[in-house]
Amino acid sequence: MDSDSAKQFGAHASAFELSPIATALLDAELRLRVWNSAMAELTGVPAAVALGRRPSQALPEPMASQIEATARRLLDGPGRDQSREAFTWDEGPQRRRWLSLHRRVLRDAAGSATGLLLHATDATEERMLGQHVDALREALESAGLLVLRYDRDGRVVDANATAQAALGHGRAELLGMDIFELDADSPRSNFGITWARLMQTHGHYYQTRLRRRDGSLLPVEVFCAFSALGGDPTVFALARDRSAELEQQQALLHSFAETRAIVESAPLGIVFFKDMQPVRISQHMSTLLGYDAGELRLIDWTRLVESEAEVRSLAATAMTALDTGRAFTLECRLRRKDGQPLLCRVYGAPIGNTHWRSAGAVVCLQDITEQRAIEKALRNALRELSLVFDSAVLGLVHVANGRIVRANPHFERLFMQSPGAMHGAEVEALFDDPDEFARLRARFAREDGRRGPYQFDCRLRRGDGNRFWAVVHGSWLDTGRDDSCATIAAIVDVTRERESEQALRESEERFRLFAENIGSVFYIGDAGSGEMLYINARQYTDIFGASPETLRHDVFGALCHVDPDDHARIRAYVEREYDDEAEGGVDFRILNPLKGRRVGHLRLYRRQLANGRLMNLAIVDDVTEQRHSEEERVRALEEQRDLLVREVHHRIKNNLQGVAGLLQQTARSRPQLADMLTEVVGQIQAISQVHGLQMRAREALPLLAMAKAVVGNVGSLYDMRFAVTETGDWLADVVLPEQEAVPLALVLNELGTNAVKHRRPQAPVLAHFAAEEDRVVVTLTHEGRLPEGFDLARIGRATSGLGLIKSLLPRRGSQLQLFDDGACVVTRLTLSPPAIARKGG
């Protein structure tokens, strides 16, 4: 080696000595001229051993031979100035290291090779990682995992065969493809966050869907990990095809949902025990017992049982069954959290094939409290129904497949059979007509014929051979079998009803025969709806001169043939509140277009049928001739009566005047009785005045004429005259009812007599008659004073004086007042209806 080369290698030695990169230089004779400390540390060969020697002299085989052979090819070969190669470095039987050796040819200015520069790095970990990666790749391929590697921009830089086959893309198509073209559920906007997370963590797990070449989506489970192998950061994405798993999961979820729905919807409380402790408790169990799940996990479950004896019995039965791997069922009484008792059916079973204490057991509670109550109620109802069935006054029978299963006593009596004799008998034997039974059997043979209740009439035959009519009401029973039919039927003997119907039809015929041949209009209608049910049309046409069609839907349709002045009276009569004791009738005038004006008489009756329906029955007669005859007879009777009444009044008046004359003669002969007899004479003459007026009057007695006559008579008895005045236009029209005439005449006579007797001597008595509104006021005024403390209300009824007046006054329509007015005493008698009336009112 010349001096220039020695200087050059010396300079290299100085430059590379402090370099952290393991460096060595070989000259053209393949001798080591530079061996820095990093190389010595990496290879374990000191510089003193290596410098000046060939690799075969300083380094172990086969590494030394490989370095020399490669160096010779580089130094002697044309065009190649560098190469890279990995060598094994055995440091012992249990340790092998890999060195990555980079070789580059050194040349002088003339281009001649002067040496070889070696840079060595420890590639053991990288080599081992590569081996692991290869092994992992093979394992992933065999495991069916999709492996994708993509860079910082999301471009695919590698894909394994499984990924290529699953996605339908070749390797060349996948390389460089945007990962977001494949990942259908991961947006590009989240890529930066995901990349930063991967750099900070060991990996990221998520689920997504990859888009195949044909556009379909592949559900996968992905684990991403960041890697900086090879210098450029990339992401490894390991994806597992979840299609089959999702299908299984979906099936499992569906099965789980069904099971959960069954468990949750079932009226069962379910609890799973493991190691004698509750680990899973259904919601219904909490609802059933009134405890929440947390409380049920902590409480002693034996506290729920009502008694210690029941606890021991339940535990013995359950433990024995579970210890032998069997299920058990029992009933017990529990107590809820709120203290309410609970009757439960308990189901239990071990889980798995191992011992139940470790594997667990499931226990279900069913609340049968209400069920037991229902069963009890059903038993009671069954007993009641049996009692009703056996004691019913209807013939009840249970029939199945054409034979009698059970018949109640009344049914047996209907057919004159002994108890139990009809069990198993054929139904066909009960019918009188075989053809009728065949028609019914054909009807009920169809499926639609055995739906819902049914009813039919038929003739049946008793045990003695007698026939009877029956109505059969029944309903079909669901037996759950297509080839079976059963029914419950009630048999009602309607023989009497049929006979009654026949009698009714005959009665209707007789009624029509009668109604069509009488001379009156006969009408029957529904009082509720007003609908006409029957009318004898011929008689209606004869009396009203029109067709009865107007009455079909309007009970007042006939008013078009009636005098308008009678419409209101007829309506009032028809619409009145009916009383059986006061139905009467009403006359009206008919405008018959053929016969002229006629007089009709309407009688209306309202009757309620047995079914509660209210009926109107109307009869209209033409009473024109009868009314004319009655009017003539009434007029004759009235004239005869008037003559008799006037004669009677005349005779009474004469007799009373004779009595008054005798009393006056007695008064003159016996002065001591004169005052008393004068009063009696006045009363008799007052009555006589009334009869005298009634004798002359053809109508009711006028009040004013009677009052003037009475006060005039009083004045003549006491040798004076009353000053009489009157006001009111209709005073002369006021009349007295016949029963009030004599009492009021006596009252006026007594009032006039009191006024004359209690006046100041020679003072006049004023009598004023006034008509005010609907009343008449009679006022008598004379000078004088009433006694101190006088009170008319405190005077009792007596036979004379003011007591007599109070007794004679009408109970209704009269009022009497006596009071002082200055130096005068005023007597005021007020009369109003019904004590008085007006003519024509």
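Being a predicted model, the structure only gives us computed values, none of them experimental.
- The heavy-atom pair separating A835 from P737 by the smallest distance is O-CD, 3.1 Å.
- V734 is not listed as a side-chain neighbour of L704, based on a closest heavy-atom distance of 4.5 Å or more.
- Formation of a donor-acceptor pair under 3.5 Å by the H782 side chain with backbone atoms of A763 is not found in this model.
- In this structure, the side chain of T827 does not engage the main chain of L818 through any donor-acceptor pair within 3.5 Å.
- I491 pairs in a side-chain contact (heavy atoms from CB on, under 4.5 Å) with only one of the listed residues (L414, L396, N408), which is L414.
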Does L602 form a side-chain contact (heavy atoms from CB on, under 4.5 Å) with Y573? I'd like the steps, not just the answer. CA-CA 9 Å; L602 169 64; Y573 173 71; 3.9 Å; yes
Apply side-chain contact (heavy atoms from CB on, under 4.5 Å) to the pair V825 and T781, showing each step before the final yes or no. CA-CA 6 Å; V825 175; T781 306; over 6 Å; no
Test F522 against Y540 for ring pair (Phe, Tyr, Trp, His ring centres under 6.0 Å), laying out the working first. CA-CA 8 Å; F522 192 77; Y540 185 88; over 10 Å; no
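- Using a 4.5 Å heavy-atom cutoff, the side chains of V574 and R571 are not in contact.
- Between I805 atom CD1 and T753 atom OG1 the span is 8.5 Å, to the nearest 0.5 Å.
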side-chain contact (heavy atoms from CB on, under 4.5 Å) between R759 and M720, intermediate numbers included: CA-CA 12 Å; R759 62 177 175 150; M720 64 159 298; 3.7 Å; yes
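- Taking NZ of K806 as the reference point, atom CG of L816 lies at 8.5 Å (rounded to 0.5 Å).
- Between E750 and K757, none of the side-chain N atoms (NZ, or NE/NH1/NH2) sits under 4.0 Å from a carboxylate O, so this pair counts as no salt bridge.
- The minimum heavy-atom distance linking A490 with L394 is given by the pair CB-CD1, 4.4 Å.
- When atom types are taken as modelled, the side chain of E531 and the backbone of G525 share no donor-acceptor pair closer than 3.5 angstrom.
- When atom types are taken as modelled, the side chain of N713 and the backbone of A709 share no donor-acceptor pair closer than 3.5 angstrom.
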Taking it one step at a time, do D493 and R462 satisfy salt bridge (Lys or Arg N to Asp or Glu O under 4.0 Å)? CA-CA 11 Å; D493 185 351; R462 304 187 198 274; 3.0 Å; yes
Please step through side-chain contact (heavy atoms from CB on, under 4.5 Å) for the pair F790 and D820, ending with a clear verdict. CA-CA 10 Å; F790 174 82; D820 291 328; over 6 Å; no
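- One finds no salt bridge joining R569 and D587 here, because no Lys/Arg side-chain nitrogen approaches an Asp/Glu carboxylate oxygen to under 4.0 Å.
- Counting heavy atoms of neighbouring residues, nucleotides and ligands inside a 6.0 Å radius, atom CG of D791 exceeds 12 of them.
- In this structure the side chain of L829 never reaches within 4.5 angstrom of the side chain of Q817, judged on heavy atoms.
- Heavy atoms only, all atoms of each residue included: A470 and L460 are closest at CB-CD1, 3.8 Å.
- Using modelled atom types and a 3.5 Å distance limit, the side chains of H768 and T779 yield no donor-acceptor pair.
- Under the 4.0 Å criterion applied to side-chain N and carboxylate O atoms, R838 and D774 are not assigned as salt-bridge partners.
- Looking only at distances, no side-chain donor or acceptor of R510 sits under 3.5 Å from a matching main-chain atom of R505.
- A donor-acceptor pair is defined here as one N or O able to donate and one able to accept, closer than 3.5 Å; such a pair exists between the side chain of R538 and the backbone of E516.
- Of all heavy-atom pairs between A723 and L766, the closest is CB-CD2, 3.3 Å.
- With values rounded to the nearest 0.5 angstrom, Y534 atom OH is found 7.5 Å from I524 atom CD1.
- The salt bridge (charged side-chain N to carboxylate O under 4.0 Å, His left out) check on E630 picks up R627, with sequence neighbours excluded.
- Interatomic distance, D565 CG to R589 CZ, rounded to the nearest 0.5 Å: 5.5 Å.
- A 6.0 Å sphere centred on CE of M416 holds no more than 12 heavy atoms belonging to other residues, nucleotides or ligands.
- The main-chain N or O of F544 is never found under 3.5 Å from a side-chain atom of K595 such that the two would form a donor-acceptor pair.
- Distance alone, capped at 3.5 Å, places no donor-acceptor pair between the R603 side chain and the H601 backbone.
- At least one side-chain heavy atom of N616 sits under 4.5 Å from a side-chain heavy atom of L604.
- Considering only heavy atoms from C-beta on, L701 stays 4.5 Å or farther from V735 through its side chain.
- More than 12 heavy atoms of other residues, nucleotides or ligands lie within 6.0 Å of CD in Q502, so this atom counts as buried by the packing criterion.
- Considering every non-hydrogen atom in both G545 and N592, the closest pair reads N-ND2, 3.5 Å.
- A donor-acceptor contact shorter than 3.5 Å links the side chain of D622 to the backbone of T624.
- Ring geometry for F511 versus F514: interplanar angle of 30 to 60°, hence tilted.
- Contact check for V599 versus I590: no side-chain heavy atoms found under the 4.5 Å cut-off.
- To the nearest 0.5 Å, atom CG of residue L831 and atom CD1 of residue I836 are 6.0 Å apart.
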Would you check, one step at a time, whether the test salt bridge (Lys or Arg N to Asp or Glu O under 4.0 Å) holds for R496 with E499? CA-CA 5 Å; R496 292 184 178 179; E499 293 172 352; over 6 Å; no
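- Counted within 6.0 Å of CD on Q608, heavy atoms from surrounding residues, nucleotides or ligands total more than 12; the atom is thus considered enclosed.
- Heavy-atom minimum distance, L744 versus P810: CD2-CD, 3.9 Å.
- Taking the side chain as every heavy atom from C-beta outward, F588 and D563 never approach each other to under 4.5 Å.
- The side-chain tip of R459 does not point at the ring of F468 from less than 6.0 angstrom away and within 45° of straight on.
- Taking OG of S475 as the start and CD1 of I488 as the end, the distance is 9.0 Å to the nearest 0.5 Å.
- At least one side-chain heavy atom of F456 sits under 4.5 Å from a side-chain heavy atom of C458.
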